[in-house]
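One structure is given here, and the rest of the page talks about it.
Everything numeric in this text was worked out from a predicted model, so none of it was measured. Reminder, nothing fancy here: chain letters follow the sequence lines and each chain counts from 1.
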Amino acid sequence: MSALVLLSVVGVLLLYLGLFNQRASLAVTGVVGLAGAIIVIAAGWHLESPLFGAIVRFDGPARAFSLLMAGATVLLFLFGVDYYARMQRNVAEQYALMLFSLIGGILIVSFSNLVMLFLGIEVLSIPLYILAGGKRDSFRSGEAAFKYFVQGSYASGFLLMGLALVYGATGSFDLATIGSWSTDPAHGHDAIFLLGLLLTLAGLAFKLAAVPFHFWSPDVYEGSPTLITAFMSTVVKTGAFAAFHRLITALQLPDAVGTMLLTLTVLTLFLGNVVALRQTQFKRLMAYSSIAHTGFLLLALLGGDARSGDVLFYYLTAYTLATVGLFIILTLAKRAAQGDEHIRIFRGLFREQPWVAVAALLMLLSLAGIPFTAGFVAKYRVFLLGLSSGHLFTTLFAVAMALLGIYYYALVIREAFAPREQEGGTLAVAPLNLLVITLCGVGVVALAVWPVALP
Amino acid sequence: MAALFYILAALSVISALTVVGARNPVTSVIALVVCFLSIAAHYVLLNAQFLAMVHVIVYTGAIMVLFLFVIMLLNLNKPDGPRKSLAMRLAAAVAGGLLFITLAAAVRQGVQIPPAAGFDPGVGLVRSVGHVLFTEFLLPFEVSSVLFLSAIVGVVMLAKKDKDGTDQATDITEAERARRAA
């Protein structure tokens, strides 16, 4: 709770700093505020505090996912020092909106009341609609903001309708009450509850970019400023998955919902991996790769038991580290190539910046799930969980899709280590960016030997 | 009372269909006002006076007036919409129809559910809404301030004009420019 207050205050403080043109102190203030929030959250690691009559409940998973999101935001703020250096206007607003969005993220990973789930999703999303359109001079950025806003509002409508129907069936917004209501076998086939749950999950699946609710994701990822794309694919994805997990583990899921989740998983795994094979623009490739990873994460949730929290946290940590690092490297390469986003811009990376190329290699290997990286351990744990919950064929299908996925990551690796044919602009790396890239690169290897368990 | 409900329900459904079906945007907006008012009347029937008042003030008052302003200022009141391909319209009809069947089936099965809590005549009054809002739902109430603050910041950020007027998009491709000109 104090973390939420702290983050709001820092957000408002950033707006004031922007008012007085204190550009140099923006990122520092943001990082200090986030560090404070991280300390506050971590200090109560083993405490479980229901607040405000159990509207939110800061338990182990909630704290862990909050820490992950805050940590990712710190990395992105450090990246922001360089990224926003040449931007003239509205820098303070961008930092502040990211903090506000993070507040929404913390609320949805700790909700224990459906009202808070809906409000948290809105607090998470509305700053994002604005941030997606943050590049005022870019047509594509405006397009991304508009598409995201219209489709996101539509998904919120589904979510709200679903939550209202769940309330209508159970008579409560409280997650624990709904959970015990749903375990009663007499309520197993309640049509209103079932319909409410389906609409709720559809609304959440939009935020996860699960197929067939993924249509916004490639365009929005491509059009948004790169820093915001990285924010969406790490912080927002983590928050949405943790909320999804929190919701479905608290309930006794009816069979029809299980079937729906299974369908979502298979479709997402298939479409994400297959369409990614044909992408040549790096941001679109990352968008489809993000959809593919949504598929693997959904597989972890299929069993619907509480153990999946550990696996989810581990997977999302590995994914976040790799994604943040790769988006930073993309920005640097894009800058050297005058705004081109084709994967050929990575050509010659190894000759120019060997360490950056090696870090990129590690992160791409981790995303692909090659052994000795965190991505491999994460996928392995997901497959084990899938097998133990009895989804043999889905797991085998996921393994096949993971093997298919190695191909498109390998394409990028090949570009990074190929010699450059013609001379382009030189790729400059600011010290702070190098630090974040190093952290991410080392992180995806170090994480492989450090098994994370939630309290 | 039941007759009143059926009249209002018919009014809501007919006006909602008009919103979607009308060719002229102004007709749609007026029909939407009627729809909102009839829904507010439903709230009164359900003893939720506070909700009814807020609904009329916010939706019918503020938002719909804004809609009308936008339509008139942007001169959108010509009856032309974007043409959708047949496949797209077919897909929309099938998807919407499936959702309708699911909803109808759920309602048909679910009409027997008893009220989850006993009827409380004071439930929709300003006093009881305020009491719940500032005790049980205090956190959501406070958190919505963050939501509004980000919306305000966003409006200023996106809508403020540049001093030097360099507000134009720079990366419009030729195809897009031609499409916009057409």
Side-chain angles (χ1 to χ4, degrees), chain A residues 1 4 7-8 11-12 15 51-53 55-56 88-90 92-94 96-97 100-101 103-104 107 113 115-116 118-120 122-123 126-127 129-131 133-143 145 165 167-173 181 189-196 198-199 339, chain B residues 91 95 98-118 132-173 175-177 179-180:
Chain A
M1 183 61 212
L4 291 178
L7 288 175
S8 324
V12 175
L15 290 175
L51 295 165
F52 288 94
I55 288 263
V56 291
Q88 293 306 313
R89 305 176 301 137
N90 298 334
E93 283 85 345
Q94 311 240 0
L97 285 172
F100 293 149
S101 186
I103 291 173
L107 287 171
N113 189 304
V115 173
M116 210 60 248
F118 177 71
L119 201 57
E122 289 301 291
V123 175
I126 287 187
Y129 303 149
I130 303 156
L131 287 168
K135 265 200 280 184
R136 285 273 301 276
D137 55 354
S138 159
F139 178 75
R140 302 202 64 86
S141 175
E143 183 192 4
L165 288 174
Y167 179 76
T170 62
S172 173
F173 280 127
W181 186 91
H189 294 287
D190 189 289
I192 299 274
F193 179 63
L194 196 58
L195 187 63
L198 287 180
L199 289 178
Chain B
L98 282 175
L99 183 63
F100 177 72
I101 291 173
T102 320
L103 280 167
V107 171
R108 204 177 62 86
Q109 276 190 27
V111 279
Q112 301 300 336
I113 47 167
V132 172
L133 199 58
F134 288 105
T135 53
E136 197 185 337
F137 291 102
L138 181 63
L139 183 66
F141 179 74
E142 296 289 348
V143 162
S144 56
S145 61
V146 177
L147 187 69
F148 294 135
L149 182 60
S150 19
I152 295 168
V153 170
V155 168
V156 174
M157 202 175 116
L158 293 181
K160 202 175 70 180
K161 275 249 185 310
D162 264 355
K163 284 197 190 90
D164 50 357
T166 53
D167 233 11
Q168 295 303 309
T170 50
D171 62 343
I172 302 180
T173 61
E176 273 157 356
R177 192 169 285 142
R179 205 183 61 206
R180 288 164 123 205

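Comparing B:L158, B:V153, B:T135 by how many heavy-atom pairs each has under 4.5 Å with chain A, the most go to B:L158. Residue with the most contacts toward chain A among B:L147, B:L99, B:T102, B:V156: B:L147 (heavy-atom pairs, distance under 4.5 Å). Per-residue heavy-atom pair counts under 4.5 Å with chain B were compared for A:Y129, A:F100, A:F118, and the maximum is reached by A:F100.
At least one side-chain heavy atom of A:L97 sits less than 4.5 Å from a side-chain heavy atom of B:M157. Looking at heavy atoms from C-beta onward, A:I55 lies out of side-chain contact with A:V115 at the 4.5 angstrom threshold.
In terms of heavy atoms, A:S141 sits closest to A:G134 at OG-N, 3.6 Å. Closest approach of A:L165 to A:I192, counting heavy atoms only: O-CG2, 3.4 Å.
At a 4.5 Å heavy-atom cutoff, the contact between A:L15 and chain B is made by side-chain atoms alone. Both the backbone and the side chain of A:V123 come within contact range of chain B, each with at least one heavy atom under 4.5 Å from a heavy atom of that chain. With a 4.5 Å cut-off on non-hydrogen atoms, A:L198 does not touch chain B at all.
Taking the six-membered ring for Trp and thresholds of 30 and 60 degrees, A:F173 and B:F137 have ring planes more than 60 degrees apart, a perpendicular arrangement.
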